[in-house]
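All values below come from the heavy atoms of this structure, side chains included, with hydrogens, waters and symmetry mates left out.
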Amino acid sequence: MASVRAGEERMQGRKTLLEALRVLRDHEEVTEYGWVLLGMLRPEHYKGAQAAVGQGVVELADREMRAELSAYEAG
């Protein structure tokens, strides 16, 4: 019974990750520069986005990168 439950939890985690990636892609397509503010995401998508960061699928901008992106957007 425990292995079935673990499998269901993994499947749900994958669904959450895929849904978050879809939402990130949709937001990215709308933006001019292709970056998405995590604050724009619903909590369940934020969790998936963090999982994607952990897997190296998406990149989370550090302070320096955010400053560069802000300067690029302003320029």
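The side-chain heavy atoms of Leu17 and Val57, taken from C-beta on, include no pair separated by under 4.5 Å. Within the 4.5 Å cutoff, the side chain of Leu60 has heavy atoms near those of the Gln50 side chain.
Closest approach of Ala49 and Val58 over heavy atoms only: O-CG2, 4.0 Å. When every heavy atom of His45 is checked against every heavy atom of Ala20, the shortest pair comes out as O-CB, 3.4 Å. Minimum interatomic distance between Leu21 and Ala52 (heavy atoms only, all atoms of both residues): CD2-CB, 3.9 Å.
Here Arg22 pairs with Glu19, Asp26 under the salt bridge (charged side-chain N to carboxylate O under 4.0 Å, His left out) rule; sequence neighbours left out.
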